[in-house]
Undergrad: 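A single structure is presented below for examination.
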Amino acid sequence: MTPVRLRRLTLVSSITGAVIVALDGTVLTVAQPTLQRDLGATFVQVQWASTGYLIAVAGLLVFAGRLGDRYGHRRVFATGMLGFAVTSAGIGLATGIGWVIGLRVAQGVFGALLQPATLGMLRAAYPPDRLGRPIAIRTSAIGLAAAAGPVLGGALAAHLGWRAVFFLNVLPALGACAVAMAVRMPGPRPANEAEPIPAAVRPDRLDLPGACLLAVALSGLVHTLVGLPESGWTPVTALGLAAAVVAAAAFVRHESRTPTPLVPPGVLRAPGVTPALGILVSASAAMFGALFLCTYYLQDVLALDPFRSGLETLPLAVTMVLGAPASAVLLRRLGARRTTLYGAALITGGVFLMSRLGQASGSVAIGSCFLLLGAGFGTVMVTATAVVVRQVSAHTAGVAGGLQQTAMNIGPTLGVAAATMLMTAFAARGPGGGAGPGGGPYGNGPYGDGPYGDDHAFISAMAPTLTILAGVAALGMALALRLPGRARTAAVSSNDEAPSPAPTRQPTP
């Protein structure tokens, strides 16, 4: 197989895997009410169908990336895709909510296998200095899937039932599995490599104790963040946070002592990798926290129906899809530092302008906020991901991909939890805070009942909450200053410098 064809097939597989995961999350959100009614489930049970998936994914991403470094990203990706297809079909055939929850957890395990591999396969197939374009195409596809998910999920649930939402994944996942198995990827260690792989990054040794400690830490953190908006600080959430802290401390101690750590020290020491991960967390936390609040603002304060609300947010998807390829060009011309700084500035500006919205704001003002958010987030996704993937050795690309995916799972969960807690605090302090006569979750709109009183109370609490989230996005601007500049990025890309003590060369496709 020619290198060009190999790269194209690899890109198709990577995009398909990323799109299936993105679609799965967005279409399920729309189908949850129908699923709850059909299976006679409680709201808490339906929420656990999502929470169980998130916990499984977050806890296993880094270990799954390490498995890709050990056994090959193609094999791990194909296994993840096959399992994702089987569990999706099983959920579609489930007869009770218990089966749905259990299969969603299993689906999360297979989702964790395939997500880091989508980036690991790209790192193996493309030279480091040419990774920007495929990552940009992948980002655009994710943005398109996220935008189309609610529409597609709503149509399927309305006409064919909630089961069709899960059957939707089966054929594309099986097709991506077949393509991945047909492609002969380069191995994690090039045949012509002159230097041996250092012991700290040897992929043939798996750090199982480290993997378990990290899984407990991340699972406890996700469980706490998901539970806080609903129940606040309870013994259960406090125990989850305590378990996460203890496990994280034990993980750090274990990693510093084991000769073959789960996360080789060279990965986080590679130029710009740690700041790039921080940027992904801060940017996704700010954006998803703002989107969470804006959903209620549109439907309960402005009294827009869900379809009209979706139209108002359309500029975000459009600019993300179109902006990602443009950011790949900027990355090549300006370098990672300046490009990411511009993207983080756009997110900061978009969230801050959103904090100025009120009851009289029109489509132009709202659309401008989403336009800035989409352009900025698409840029940050491409540039920060490119830094994480291409600054590390090909031997540790799976771990790097796992860390990137972990950041993209923790960030949104953190943002939604922070937005909810801040709204509760500011609404309680404001005039008329607490429960009010309104019918909406946060105001007097037509879509629910909840704790924050009238429209004025919601707007008064939304402004400082979004201002703080803009500050979180601004943290990404500060971290962007620590990314490699154009000259440093080009040098690393050209020489494919490994972060480990022993240098490595780029494998020949």
Side-chain angles (χ1 to χ4, degrees), residues 146-147 150 229 282-320 323 343-378 412 415-433 436 438-448 450-477:
S282 65
S284 59
M287 193 185 83
F288 281 89
L291 288 178
F292 174 76
L293 292 184
C294 202
T295 299
Y296 290 105
Y297 164 75
L298 292 173
Q299 296 189 23
D300 293 293
V301 175
L302 300 187
L304 301 179
D305 60 62
F307 179 74
R308 177 68 188 280
S309 298
L311 292 179
E312 293 287 350
T313 65
L314 194 59
L316 184 147
V318 172
T319 52
M320 184 174 173
L346 289 174
I347 298 175
T348 303
V351 177
F352 181 76
L353 289 178
M354 194 174 286
S355 71
R356 306 297 101 182
L357 296 176
Q359 292 174 261
S361 299
S363 296
V364 174
I366 297 171
S368 299
C369 297
F370 284 114
L371 187 148
L372 293 176
L373 282 178
F377 193 68
V416 172
T420 304
M421 290 187 293
L422 288 170
M423 283 292 293
T424 302
F426 287 123
R429 294 179 184 178
Y442 301 99
N444 56 10
Y447 298 109
Y452 294 148
D454 58 18
D455 295 342
H456 179 70
F458 178 86
I459 294 296
S460 298
M462 184 179 78
T465 298
L466 288 175
T467 301
I468 293 175
L469 289 178
V472 173
L475 177 62
M477 297 174 61

Undergrad: Run the side-chain hydrogen bond (donor to acceptor under 3.5 Å, both in side chains) test against Ser361 and tell me which residues pass, sequence neighbours left out.
TA: none

Undergrad: Which atom names give the shortest non-hydrogen contact between Ser368 and Val364, and what distance separates them?
TA: OG-O, 2.7 Å

Undergrad: Is there a donor-acceptor pair under 3.5 Å between the side chain of Tyr297 and the backbone N or O of Gly358?
TA: yes

Undergrad: Give me the atom names and distance for the closest heavy-atom approach of Leu302 to Leu298.
TA: CB-O, 3.4 Å

Undergrad: For Gly378 and Met320, work out which heavy atoms get closest and say how close.
TA: CA-CG, 4.0 Å

Undergrad: Apply side chain to side chain contact (heavy atoms under 4.5 Å, CB included) to Leu314 and list each qualifying residue two or more places apart in sequence or on a separate chain.
TA: Val318

Undergrad: Step by step, would you call Phe426 with Thr465 a side-chain contact (heavy atoms from CB on, under 4.5 Å)?
TA: CA-CA 8 Å; Phe426 287 123; Thr465 298; 3.4 Å; yes

Undergrad: Would you call Leu373 and Ile347 a side-chain contact if the rule is heavy atoms closer than 4.5 Å?
TA: yes

Undergrad: With sequence neighbours left out, write down each residue that passes side chain to side chain contact (heavy atoms under 4.5 Å, CB included) with Thr295, or none if nothing qualifies.
TA: Gln299

Undergrad: According to side chain to side chain contact (heavy atoms under 4.5 Å, CB included), who are the partners of Thr319, at least two apart in sequence or on a separate chain?
TA: Leu371, Ala375

Undergrad: Can you check whether Val301 reaches Leu357 side chain to side chain, under 4.5 Å on heavy atoms?
TA: no

Undergrad: In Å and rounded to the nearest 0.5 Å, what is the CG to CD1 distance from Leu316 to Ile366?
TA: 13.5 Å

Undergrad: Please round to the nearest 0.5 Å and tell me the distance separating atom CG of Leu372 and atom CG of Leu353.
TA: 6.0 Å

Undergrad: Grab the two heavy atoms, one from Leu304 and one from Glu312, that are nearest each other, plus how far apart they are.
TA: CD1-CG, 3.9 Å

Undergrad: Any chance you could measure Cys294, atom SG, to Met287, atom CE, to the nearest 0.5 Å?
TA: 11.5 Å

Undergrad: With sequence neighbours excluded, tell me which residues meet side chain to side chain contact (heavy atoms under 4.5 Å, CB included) with Leu466.
TA: Ala290, Leu293, Val351, Met354, Ser355, Met462, Leu469

Undergrad: Mind listing the closest non-hydrogen atom pair of Ser363 and Arg308 along with its distance?
TA: OG-NH2, 3.6 Å

Undergrad: I need the minimum non-hydrogen distance between Ala419 and Gly289, along with the two atoms involved.
TA: CB-O, 3.8 Å

Undergrad: Using the side-chain hydrogen bond (donor to acceptor under 3.5 Å, both in side chains) rule, collect all pairs that involve residues 282-292, keeping only residues at least two apart or in two chains.
TA: none

